[in-house]
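Working notes, structure below.
In what follows, chains are A, B, ... by sequence order, proteins preceding strands, each numbered from 1.
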Amino acid sequence: MKESFTNALLEWNQNGNTRAMPWKGEKDPYRIWLSEIILQQTRVEQGWAYYEKFILNYPTVQSLAAAPEEAVFRLWQGLGYYARCKNMLAAARQIVTQYHGHFPNTYDTIQSLKGIGPYTAAAIASFAFNLPHAVLDGNVFRVLSRYFDIDTPIDSTAGKKQFAELAQELLPHGQSAAYNQSIMDFGAVICKPQQPSCTTCPLSSGCKALKLGLAGLLPVKTKKLVIKKRYFHYLVLRYKKLIYIRKRTENDIWQNLHEFILIETPEPVDTASLQASAGFREIFGDIRYNIDGTSADFKQQLTHQTIHSRFILMTAAQKPEIQGYMAIPEQDMDNYAFPKTITDFLKKGKLSLF
DNA sequence: AAAACGGGGAC
DNA sequence: GTCCCAGTTTT
């Protein structure tokens, strides 16, 4: 059964798999690594253009390692999970200084790099060096859970162990690169999360879930998601052609991205109440300002929180000092990375101030 | 073991 | 709204 699974999969890859992507078949470990970091928890279509941009701007690990952090973040802007960007740059510098620019070529040394876990290490080890390590990503969990009818929750420790062992057993000798690519393509193109193509699936004859009518119920996940609401009030303060921003450094969303002067409240409040609040007075003290307008509500849905943001446009008569914020020329905004909700405001605010 | 971490597309 | 995507790190 295991052998027929692998054989059928490789057969489909040879004769039925037409999926094309810029990094497919790539042998340069740097490019493979770059694609894998970009694609962590990210759909191929979403990451595609970012991969092209990074290859164009940073064609080698040396060029990436030498890049200023802010420039790399600016290129990553909009892709999400920004710790990946920070870790990617750290790993590039690690490769240059510690490995003299040669990408590590064993599973363990690859995984020791920042931002590389079991999945990414297996992907690089197999694609670049054809080492015998089976990848275990969302596609693999789904395909194996269905084909072998396994209902162990994939977000449990036991599930991860069970699927990892099975995946490794299925790996054909000497063909880890082709096999890993095949199973992920198969999961993305045929054995999809919703409406899998079971009627035309080349592996349908051996699929236990299909036989039992359970394909729609697998894989099993247990964790429940709690979404909390947050209300951000961004004070877009300007003095002449200067504008006040800071880098987010707290243990929170959007770490290392920039933002305007922020007051967060647990509930929505109007501008007048905000001005009267202790948080506002603490920031502004006796600074004299004018309020030029307030934006509409910008809503951003993240995985585990809903952010409501409003932008309050302000100008100061004298140059203010705002604790923790820096005044930068407006035209330098392009050099900094901002969260999506702020780039949306800058683009669609229709306030004609920028 | 559980929580945190973005943004987007499909339904 | 819900699910989930070529997952990893922190708590």
For residues 45-64 of chain A, pull every pair meeting salt bridge (charged side-chain N to carboxylate O under 4.0 Å, His left out), keeping only residues two or more places apart or in separate chains. A/Arg43-A/Glu45
For A/Met88, report the nucleic acid contact type (base, sugar-phosphate, nothing); a contact means any heavy atom under 4.0 Å. nothing
Can you tell me how far C1' of C/dT10 sits from NZ of A/Lys86, to the nearest Å? 16 Å
Sugar-phosphate only, base, or nothing, as touched by A/Arg19 at under 4.0 Å among non-hydrogen atoms: base
Sequence neighbours excluded - salt bridge (charged side-chain N to carboxylate O under 4.0 Å, His left out) pairs with any residue from residues 63-87 of chain A: A/Glu69-A/Lys86, A/Glu69-A/Lys247
Separation of A/Glu36 atom CD from C/dT8 atom C1', in whole Å? 14 Å
Which residues in residues 127-137 of chain A have a heavy atom closer than 4.0 Å to any atom of DNA chain C? A/Asp137
A/His258 and A/Tyr336 aromatic ring geometry - parallel, tilted or perpendicular at 30°/60° bounds: perpendicular
Do any side-chain nitrogens or oxygens of A/Arg142 fall under 4.0 Å of OP1 or OP2 in C/dC5? yes
What is the distance, rounded to the nearest whole Å, between atom OH of A/Tyr51 and atom C1' of C/dC5? 19 Å
For B/dC5 versus C/dA6, give the span between their P atoms, rounded off to a whole number of Å. 23 Å
Could you state the atom-to-atom distance from CG of A/Leu39 to C1' of C/dG7 in whole Å? 11 Å
Any salt bridge (charged side-chain N to carboxylate O under 4.0 Å, His left out) pairs touching residues 12-23 of chain A, not counting sequence neighbours? A/Arg19-A/Asp185
Go along nucleotides 3-11 of chain B 5' to 3' and tag each nucleotide: B for a protein heavy atom under 4.0 Å from its base, S when only backbone or sugar atoms are that close, - otherwise. -SBBBBS-S
Report which part of the nucleic acid A/Trp23 touches: base, sugar-phosphate, or nothing (heavy-atom distance under 4.0 Å, all strands). base
Rounded to whole angstrom units, what separation is found between the CZ atom of A/Phe141 and the C1' atom of C/dG7? 10 Å
Taken in chain and number order and not counting sequence neighbours, the residues that satisfy side-chain hydrogen bond (donor to acceptor under 3.5 Å, both in side chains) with A/Gln275 are A/Tyr289
With sequence neighbours excluded, residues passing salt bridge (charged side-chain N to carboxylate O under 4.0 Å, His left out) with A/Lys229: none
Using the side chain to side chain contact (heavy atoms under 4.5 Å, CB included) criterion, which residues pair with A/Asn251? Sequence neighbours excluded. A/Gln255
Check residues 128-148 of chain A and write down every donor-acceptor pair under 3.5 Å in which the side-chain atom is one partner and the other belongs to a residue at least two apart or another chain.
residue	atom	partner	partner atom	Å
A/Asn130	OD1	A/Ser176	OG	3.2
A/Asn130	OD1	A/Ala177	N	3.2
A/Asn130	ND2	A/Gly174	O	3.2
A/Asp137	OD1	A/Asn139	N	3.1
A/Asp137	OD1	A/Val140	N	2.9
A/Asp137	OD2	A/Asn139	ND2	3.0
A/Asn139	OD1	A/Arg142	NH2	2.8
A/Asn139	OD1	A/Ala188	N	3.4
A/Arg142	NE	A/Cys191	O	2.7
A/Arg142	NH2	A/Gly187	O	2.8
A/Ser145	OG	A/Phe141	O	3.0
A/Ser145	OG	A/Arg142	O	2.9
A/Arg146	NE	A/Ala215	O	3.0
A/Arg146	NE	A/Leu218	O	3.1
A/Arg146	NH1	A/Lys192	O	2.8
A/Arg146	NH2	A/Lys192	O	3.4
A/Arg146	NH2	A/Pro193	O	3.1
A/Arg146	NH2	A/Leu218	O	3.3

Return whichever of A/Lys299 or A/Met184 has its heavy-atom-nearest nucleotide of DNA chain C closer to the 5' end. A/Lys299
Over 12 foreign heavy atoms within 6.0 Å of CD, A/Glu3: no
Given the P atoms of B/dG8 and C/dT8, what is the spacing between them in whole Å? 22 Å
Show me the side-chain donor-acceptor pairs of residues 118-125 of chain A shorter than 3.5 Å, one per line, residues at least two apart or across chains.
residue	atom	partner	partner atom	Å
A/Tyr119	OH	A/Glu36	OE1	2.7
A/Thr120	OG1	A/Gln40	NE2	2.9

At a heavy-atom distance below 4.0 Å, what parts of residues 110-125 of chain A sit against DNA chain C? A/Lys114, A/Gly115, A/Ile116, A/Gly117, A/Pro118, A/Tyr119, A/Thr120
In whole angstroms, how far is the P atom of C/dA6 from the CH2 atom of A/Trp48? 13 Å
Inter- and intrachain pairs under salt bridge (charged side-chain N to carboxylate O under 4.0 Å, His left out), touching residues 304-321 of chain A, at least two apart: none
What do you reckon, is NZ of A/Lys161 surrounded by more than 12 foreign heavy atoms closer than 6.0 Å? no
Write down the distance between CG (A/Asn139) and P (C/dC4), rounded to a whole number of angstrom. 12 Å
Take atom CD1 of A/Ile38 and atom C1' of C/dA6, then tell me their distance rounded to the nearest Å. 12 Å
